[in-house]
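Written below as structure tokens is the structure these notes are about.
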Amino acid sequence: MSQTAQYDPNYQYQHIQVKPITGRIGAEIEGVKLSATLDQATVHEINHALVKYKAIFFKNQQHLTDDEQEGFAALLGKPLNHPTVPVKSGTAHVLELDSRGGRADTWHTDISFIEDYPKASILRSIVAPAAGGDTVWANTTAAYNDLPAELKVLADSLRAVHSNDYDYASKVTTSPRIDAEKYRALFNSTEYETEHPLVRVHPESGEKTLLLGHFFKRFVGYNSQDSRRLFDLFQDYAVHLENIVRWRWSVGDVAIWDNRATQHRAINDYGDELRVVRRVTIAGDIPFGVDGRPSVSLKKVVKQDISNFTFENGQILEKAS
Ligand SMILES: [Fe+2]
């Protein structure tokens, strides 16, 4: 919370060039070669731009290796591995998302089913389709600000349960390379349920932001039907076109998003073309609601040990042991 006092939205950048893409979210950052040895002043400004613009983009970062991506990530925080999806083989923290292995094409906040879900994700394009396969990000702070006053009061009081018991199977059955049941078993190898405030106070900017997306399960105190209606009501504000930035990927592009103030999804419009991106995620802290109540973990049930699995070329591999 101490960082809130230090955040100045009007700070003038001296080490990076920042070019906003839309009026509400997204900026392209120029004048930076990302690396594990970037100086502290530049890293500080990148973090500031991340908080201010929510999704920031760097072109022409083809020099990055998996190692360098991990090293750069460590300058922004502590790398966090996905709790149930294995890292790319041979890496410590890289999650490879290969279109042959599934497509994250519904709105979500990364790993929001755990208490201290990630601060940020850093995504690097490895193979881009000739056309299509863009990613879109939505500004969930602008979504909160757009709410009528009475809905803000309601939103401020709601608590929501997020879970990884989510139907991924429907997303992967089109892929011949992956066994949908196997993927689902892996994704749910530990079952998580976490209660979050619907409105989170951002730990760096102090802004209020809506926390929803596809890991949402229900509102505390509401039945599933009413939960769904309320979800739709608030979720619609998040994904207004006014709150969205869309990025057209070229190989070597890097996107970083503030996972505490955004939702995102990929656009599944590129048929059988290959699309590969690699992600390193930065650990977050436990959210607090407007009333100061923290998120709480409700359930963490380990059903299967997955330490023996890795991911490669969109396939789940089991190491010989
Ligand atoms: Fe994601």
Side-chain angles (χ1 to χ4, degrees), residues 25-26 50 54-57 69 73 76-77 79-88 91 93-114 116-129 132-140 143 162-172 175 178 183-184 186-188 192 194 196 200 209-217 235 238-239 243-249 253-270 275-284 287 311 314:
I25 179 172
L50 177 66
K54 277 74 174 175
I56 54 176
F57 305 94
Q69 186 180 359
L76 285 178
L80 171 84
N81 289 356
H82 194 286
T84 61
V85 182
V87 294
K88 177 178 177 280
T91 72
H93 305 294
V94 173
L95 179 71
E96 182 165 86
L97 301 159
D98 182 311
S99 53
R100 297 168 294 192
R103 300 179 181 198
D105 58 0
T106 53
W107 286 105
H108 63 283
T109 289
D110 283 338
I111 324 182
S112 71
F113 50 84
I114 64 170
D116 46 351
Y117 66 91
K119 159 188 167 160
S121 290
I122 301 168
L123 199 63
R124 175 166 68 107
S125 174
I126 305 297
V127 181
D134 298 359
T135 302
V136 283
W137 287 264
N139 179 343
T140 53
H162 291 234
S163 167
N164 62 330
D165 181 17
Y166 161 77
D167 187 12
Y168 264 90
S170 62
K171 303 291 169 202
V172 294
S175 169
I178 197 160
Y183 187 85
R184 189 184 165 83
L186 198 65
F187 198 82
N188 296 130
Y192 291 90
T194 296
H196 290 300
R200 176 180 191 178
T209 185
L210 289 179
L211 173 52
L212 283 172
H214 72 202
F215 296 117
F216 167 89
K217 205 73 178 168
Q235 178 71 13
V239 298
N243 293 336
I244 286 172
V245 65
R246 178 171 181 150
W247 187 254
R248 162 100 196 91
W249 291 100
D253 289 353
V254 170
I256 311 177
W257 60 94
D258 185 339
N259 197 50
R260 304 160 298 189
T262 54
Q263 289 182 31
H264 60 279
R265 53 164 293 191
I267 300 189
N268 188 1
D269 63 348
Y270 52 99
R275 178 183 187 272
V276 180
V277 288
R278 291 183 190 154
R279 185 177 99 187
V280 178
T281 297
I282 308 295
F311 247 120

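These numbers come from the heavy atoms of this one structure, side chains and all, not from hydrogens, waters or symmetry mates. Ligands are counted one by one from 1 in listed order, and the atoms in each one are counted from 1 as well.
- Taking the six-membered ring where the residue is Trp, the centroids of Phe57 and Trp249 are separated by 6.0 Å or more.
- Residues Arg248 and Asp134 are paired through a salt bridge, judged by an N-O separation under 4.0 Å between the basic side chain and the carboxylate.
- For His196, the ring pair (Phe, Tyr, Trp, His ring centres under 6.0 Å) partners are Tyr117, His162, not counting sequence neighbours.
- Using the six-membered ring where Trp is involved, Phe215 and Phe113 have ring planes that are perpendicular, over 60° apart on the 30 and 60° scheme.
- Listed for the Asn188 side chain is a donor-acceptor partner under 3.5 Å among the backbone atoms of Asn164.
- Relative ring orientation between Trp257 and His264 is described as tilted, the plane-to-plane angle lying within the 30° to 60° band.
- Around the Fe ion (ligand 1), the protein contributes the following N, O or S atoms at distances under 2.8 Å: His108 NE2, Asp110 OD1, His264 NE2.
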